[in-house]
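The block underneath contains the structure these notes are about, expressed in C-alpha cells.
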Amino acid sequence: MAANSPRMSAEERRESVVRAAFAEFARTGYHGTSTEAIARRAGVSQPYLFRLFPGKQALFRAAAERCFEIIEEMMENAAEGLRGEEAREAMGEGYARLILDRDVLLLQMQLYVAAASAENPQLTEFIRRRWSDLWDVVRSRSGATDEEMAGFFGTGMLINTLVSLGIPAEDRCWNGLEGCKTAAGLTPSTAGAAESGTATVM
C-alpha cells in the first residue's frame, strides 16, 4: 500500500489558495472568477476555502497583495547597490523578465480594471496605495527626477501593453526598447513563449 501523502498545514493550504486565486483572477478577472474555480484549482472544498478567506473580495485582495510583493521584491533586488540610471535600467530589465510570467502581467491589468471601475472604494484605495508604493520604491532606490519617473513608468506600461497584445518582438512598436526586449528574451523565436505564459516567478 502506498504511503499517505503528508498533510498540508493550514498555512500551506492558504498559500496554495493564494496561488490559485492569483492564476484564476489573472485569467478571468474579478467578475469572471468564481470561488468554486479557485477552490478547484487549489484542491480544497469551498467550505474550507471560506475558512481561510471570508469571501471573494478577500481572495482578490490577497492575490493583489502577492502581485505587488513580487514586483517590489524584484525592484529591490535588481537595484541593490545601484543608483541613478543604472538602477532604473536594472529594474526595467528585471521587470521585462518578470512579466514573462503571464499571470503577473495579466493580474496587474485586472487590478487596474478593478480599481478604475470604482465599484468597491476600499479595494480601489488599496490598489491605488500599493501601486503608489511601487512608485516610492523606484524613487528611493534610483533617486530619479519627476521626468525620469514618468519615463520609467510610462515605459513599463508600454511594455505591459505590447506583451498583453502579443506584439511580435520584431515589430516597430518595440523600437527603442531593445534593452528590455533582450533582457526578457523577446526575440522573434521566443516571443510566443511569453504569450503562452510558460515562465513563472511564484
Side-chain angles (χ1 to χ4, degrees), residues 18-19 22-29 63-116 127-202:
V18 171
R19 287 173 178 261
F22 194 111
E24 292 294 333
F25 285 127
R27 289 164 171 77
T28 53
E65 178 61 29
R66 176 61 54 84
C67 186
F68 285 118
E69 286 174 351
I70 289 170
I71 300 171
E72 282 181 349
E73 182 179 7
M74 180 281 297
M75 296 288 191
E76 297 274 9
N77 291 339
E80 186 173 1
L82 303 175
R83 290 290 290 175
E85 184 176 357
E86 287 187 341
R88 293 194 305 278
E89 286 183 355
M91 287 187 282
E93 292 173 2
Y95 181 75
R97 289 189 294 271
L98 182 65
I99 61 173
L100 284 175
D101 182 336
R102 198 157 177 81
D103 285 349
V104 173
L105 169 64
L106 294 182
L107 185 57
Q108 282 190 80
M109 307 303 267
Q110 300 287 5
L111 296 180
Y112 302 149
V113 170
I127 294 169
R128 182 185 298 130
R129 175 175 59 80
R130 292 298 283 117
W131 191 90
S132 296
D133 289 343
L134 291 179
W135 180 280
D136 292 338
V137 167
V138 174
R139 171 85 83 179
S140 66
R141 295 298 177 268
S142 69
T145 65
D146 290 341
E147 291 75 14
E148 289 166 341
M149 290 291 289
F152 181 86
F153 279 92
T155 298
M157 289 304 296
L158 175 57
I159 292 171
N160 285 351
T161 302
L162 294 174
V163 177
S164 295
L165 295 176
I167 301 295
E170 66 273 20
D171 191 273
R172 65 193 182 283
C173 296
W174 281 98
N175 292 348
L177 298 171
E178 282 72 17
C180 291
K181 184 168 64 174
T182 300
L186 290 174
T187 64
S189 60
T190 62
E195 288 190 58
S196 65
T198 53
T200 181
V201 297
M202 289 196 295

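Bear in mind the structure is a predicted one, so any value in this text is a computation, not a measurement.
Closest approach of Met149 and Val138 over heavy atoms only: SD-CG1, 3.8 Å. Considering every non-hydrogen atom in both Ala144 and Arg139, the closest pair reads O-NH1, 2.7 Å. Nearest approach of Gly92 to Phe152, heavy atoms of both residues: N-CE1, 3.8 Å. In terms of heavy atoms, Leu82 sits closest to Ala90 at CD1-CB, 3.7 Å.
Separating the CG atom in Leu134 from the CE atom in Met75 is a distance of 6.5 Å, to the nearest 0.5 Å. Atom SG of Cys173 is separated from atom CG of Leu158 by 8.0 Å, given to the nearest 0.5 angstrom. Interatomic distance, CD1 of Ile127 versus CD of Gln110, reported as 10.5 Å (0.5 Å rounding). Interatomic distance, CG of Asn160 versus CG of Leu165, reported as 10.5 Å (0.5 Å rounding). A distance of 9.5 Å separates CG of Leu98 from CG of Leu105, quoted to the nearest 0.5 Å. Annotation: the span from Phe68 atom CZ to Ser132 atom OG amounts to 9.0 Å, rounded to 0.5 Å.
Between the side chain of Glu148 and the main chain of Thr145, a donor-acceptor pair closer than 3.5 Å is present. Between the side chain of Arg83 and the backbone N or O of Arg141, at least one donor-acceptor pair lies under 3.5 Å. Of the possible polar contacts, none joining the Arg66 side chain to the Arg19 backbone as a donor-acceptor pair under 3.5 Å is found. Proximity of a side-chain donor or acceptor of Asp171 to a complementary backbone N or O of Ile167 within less than 3.5 Å is not detected. At least one donor-acceptor pair under 3.5 Å links the side chain of Ser140 to the backbone N or O of Val137. Judged by distance alone, the side chain of Glu69 and the main-chain N or O of Cys67 form no donor-acceptor pair under 3.5 Å.
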>> Using the rule given for side chain to side chain contact (heavy atoms under 4.5 Å, CB included), can you reason through Phe22 versus Leu106, listing the C-alpha separation, both sets of side-chain angles and the distance that settles it, and then say yes or no?
In response: CA-CA 10 Å; Phe22 194 111; Leu106 294 182; over 6 Å; no
> Where do Glu80 and Glu76 land on the side chain to side chain contact (heavy atoms under 4.5 Å, CB included) test, with the steps shown first?
Replying inline: CA-CA 6 Å; Glu80 186 173 1; Glu76 297 274 9; over 6 Å; no
> Do Tyr112 and Gln108 pass the side chain to side chain contact (heavy atoms under 4.5 Å, CB included) test, and can you show the C-alpha distance, the side-chain angles, and the key distance before you say yes or no?
Replying inline: CA-CA 6 Å; Tyr112 302 149; Gln108 282 190 80; 3.2 Å; yes
> Should Asp103 and Arg27 be marked as a side chain to side chain contact (heavy atoms under 4.5 Å, CB included) after you check the CA-CA gap, both sets of side-chain angles, and the distance that decides it?
Replying inline: CA-CA 7 Å; Asp103 285 349; Arg27 289 164 171 77; 2.8 Å; yes
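Surrounding CD of Glu85 are at most 12 heavy atoms belonging to other residues, nucleotides or ligands under 6.0 Å away. Residue Arg129 places its CZ atom among more than 12 non-hydrogen atoms of other residues, nucleotides or ligands, all under 6.0 Å distant. Counting heavy-atom neighbours within 6.0 Å of Glu86 CD, excluding the residue itself, gives a total of 12 or less.
Side-chain contact between Arg102 and Val163 is present, with at least one heavy-atom pair separated by less than 4.5 Å. With contacts defined as side-chain heavy-atom distances shorter than 4.5 Å, the pair Arg172/Asn175 qualifies.
Asp133 has a carboxylate O that lies under 4.0 Å from a charged side-chain N of Arg130, or vice versa, which qualifies the two as a salt bridge.
Ring-centre distance between Phe153 and Trp131: below the 6.0 Å cut-off.
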